[in-house]
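This report refers to the structure that appears directly beneath it.
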Amino acid sequence: MIELNADIGEGCDDGALMPYLSRVSIACGGHTGDAVSMTAALRLAVEHGVAVGAHPSYPDRIGFGRRALAASAEDIAAWVTQQTEALAEQAARLGLRLVHVKPHGALYNVAAQDRNVAQAIVQAVTAFDPGLTLVGLAESQLVAAGRAAGLMVLNEAFADRRYQSNGRLVSRETEGALVADPDGAAQQARALAQGGEVTALDGTPLRIRAETLCLHSDTPHALNIARAVHAALNRG
């Protein structure tokens, strides 16, 4: 069965989602998060036997990391390193090791298309720990850069987000960007898991190769979506 992941440590009810997840990416100080929230998220992951990774972002708490910031490659690499290191330090106190890095928000989306940004993230991850897996938008520049550098990569798709016809995510500011209906999310997740077609917002059929599916704790009806997606994927 394709694995389910979620982005946590962002002020939502993470505990309710954990039984349905295999992997979590924890906010580590860029868009939100501090030592207290990181430790709480890590403890939840331990309790549920879920793999943990860093969720670094542009340092933009006001915009929750969902605004692209003008930055050099050196800045981006430094931000990724600093935030990943902050989470790794909290994890080490609990006897845990990080297993992956997944950028958040605007940094994730920019890296999907911008080779320079993607390479800056890859440089930071490789320098910090080349054994970490890099999680990125399926078939994106970030995944390609990670693979070229010798990192393990996971192509990610989304059960609760709509796609553009080019395979990129629809902006959250666009009406219809979220799949808030549990049945609709379950249908999209099952199609993604089976290599079938999903329908872009404009009606274009897409095939997206993915090894991990993301759910968001801040999507309306998130818990019902998690239950429906998990059930759909377990029907075989």
Side-chain angles (χ1 to χ4, degrees), residues 1-8 10 12-26 44-45 48-53 55 99-100 102-105 108-109 112-113 133-140 142-144 146-147 152-172 174-236:
M1 185 183 76
I2 193 169
E3 68 168 32
L4 293 179
N5 78 76
D7 308 330
I8 70 169
E10 299 176 333
C12 298
D13 185 8
D14 298 327
L17 290 182
M18 297 299 282
Y20 306 101
L21 305 175
S22 299
R23 180 187 304 271
V24 290
S25 304
I26 300 173
L44 269 178
H48 292 274
V50 174
V52 297
H55 199 35
V99 300
H100 72 270
K102 172 190 167 182
H104 163 82
Y108 180 97
N109 289 317
Q113 303 177 66
T133 295
L134 182 64
V135 180
L137 187 67
E139 302 173 21
S140 66
L142 181 59
V143 167
R147 185 180 291 114
M152 292 289 293
V153 297
L154 282 176
N155 286 282
E156 183 178 49
F158 292 79
D160 57 5
R161 295 287 302 276
R162 292 294 184 201
Y163 285 88
Q164 303 177 49
S165 59
N166 62 2
R168 304 297 182 233
L169 295 175
V170 173
S171 167
R172 284 177 173 268
T174 301
E175 185 177 354
L178 302 182
V179 183
D181 169 51
D183 290 338
Q187 182 179 358
Q188 179 158 301
R190 191 170 172 82
L192 288 164
Q194 295 179 340
E197 289 184 348
V198 297
T199 304
L201 190 62
D202 68 358
T204 302
L206 298 174
R207 288 187 185 273
I208 298 169
R209 182 174 69 87
E211 292 103 25
T212 186
L213 292 181
C214 183
L215 304 170
H216 288 94
S217 57
D218 61 350
T219 298
H221 315 298
L223 180 55
N224 289 336
I225 288 173
R227 288 171 174 157
V229 166
H230 191 266
L233 296 178
N234 277 281
R235 283 202 293 269

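The first residue in the sequence is number 1, and the count goes up from there.
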What's the separation between atom [atom1] in [X] and atom [atom2] in [Y], rounded to the nearest 0.5 Å?
{"X": "Leu17", "Y": "Ile8", "atom1": "CG", "atom2": "CD1", "answer": "9.0 Å"}
{"X": "Ser217", "Y": "Leu223", "atom1": "OG", "atom2": "CG", "answer": "11.0 Å"}
{"X": "Tyr163", "Y": "Thr199", "atom1": "OH", "atom2": "OG1", "answer": "12.5 Å"}
{"X": "Thr212", "Y": "Leu192", "atom1": "OG1", "atom2": "CG", "answer": "11.0 Å"}
{"X": "Ser22", "Y": "Asn5", "atom1": "OG", "atom2": "CG", "answer": "9.0 Å"}
{"X": "Arg23", "Y": "Leu213", "atom1": "CZ", "atom2": "CG", "answer": "12.0 Å"}

Q: Give the intermediate values and the outcome of side chain to side chain contact (heavy atoms under 4.5 Å, CB included) for residues Leu4 and Leu233.
A: CA-CA 10 Å; Leu4 293 179; Leu233 296 178; 3.7 Å; yes
Q | Gln164 side chain to Leu169 backbone, donor-acceptor under 3.5 Å | A | yes
Q.
If we ignore hydrogens and angles and just use 3.5 Å, is the side chain of Tyr20 paired with the main-chain N or O of Ala231 as donor and acceptor?
A. no
Q | Stepwise side chain to side chain contact (heavy atoms under 4.5 Å, CB included) test for Leu137 and Gln113 | A | CA-CA 10 Å; Leu137 187 67; Gln113 303 177 66; over 6 Å; no
Quick check: closest heavy atoms across [X] and [Y], and the distance to 0.1 Å?
{"X": "Gly15", "Y": "Leu44", "value": "N-CD1, 3.8 Å"}
{"X": "Asn155", "Y": "Arg147", "value": "ND2-NH2, 3.8 Å"}
{"X": "Ala45", "Y": "Val24", "value": "CB-CG2, 4.3 Å"}
{"X": "Val229", "Y": "Ala189", "value": "CG1-CB, 3.7 Å"}
{"X": "Tyr108", "Y": "Gly136", "value": "OH-C, 3.4 Å"}
{"X": "Ala177", "Y": "Val170", "value": "CB-CG1, 3.7 Å"}

Q: Please name all residues satisfying salt bridge (Lys or Arg N to Asp or Glu O under 4.0 Å) with Glu211, sequence neighbours left out, ordered by chain then number.
A: Arg209
Q. Quick one: salt bridge (Lys or Arg N to Asp or Glu O under 4.0 Å) pairs with a partner in residues 155-170, sequence neighbours left out?
A. Lys102-Glu156
**Q.** side chain to side chain contact (heavy atoms under 4.5 Å, CB included) between Thr133 and Val99, worked out
**A.** CA-CA 6 Å; Thr133 295; Val99 300; 6.0 Å; no
Q) Could you go step by step and tell me if Leu154 and Glu3 meet the side chain to side chain contact (heavy atoms under 4.5 Å, CB included) rule? A) CA-CA 11 Å; Leu154 282 176; Glu3 68 168 32; 3.8 Å; yes
Q: Check whether any side-chain heavy atom of Leu21 sits under 4.5 Å from a side-chain heavy atom of His48, and report yes or no.
A: no
Q: Check whether any side-chain heavy atom of Ser25 sits under 4.5 Å from a side-chain heavy atom of Val135, and report yes or no.
A: no
Let me have the donor-acceptor pairs involving side chains of residues 178-187, under 3.5 Å, with sequence neighbours excluded, atom names and distances please.
{"from": "Asp181", "atom 1": "OD2", "to": "Gly184", "atom 2": "N", "distance (Å)": "2.8"}

Q | With sequence neighbours excluded, residues passing side chain to side chain donor-acceptor pair (under 3.5 Å) with Ser171 | A | none
Q: Quick one: list whatever passes ring pair (Phe, Tyr, Trp, His ring centres under 6.0 Å) with His104, sequence neighbours left out.
A: His31, His55, Phe64
Q) With sequence neighbours left out, what residues match Asp13 under side chain to side chain contact (heavy atoms under 4.5 Å, CB included)? A) Ala16
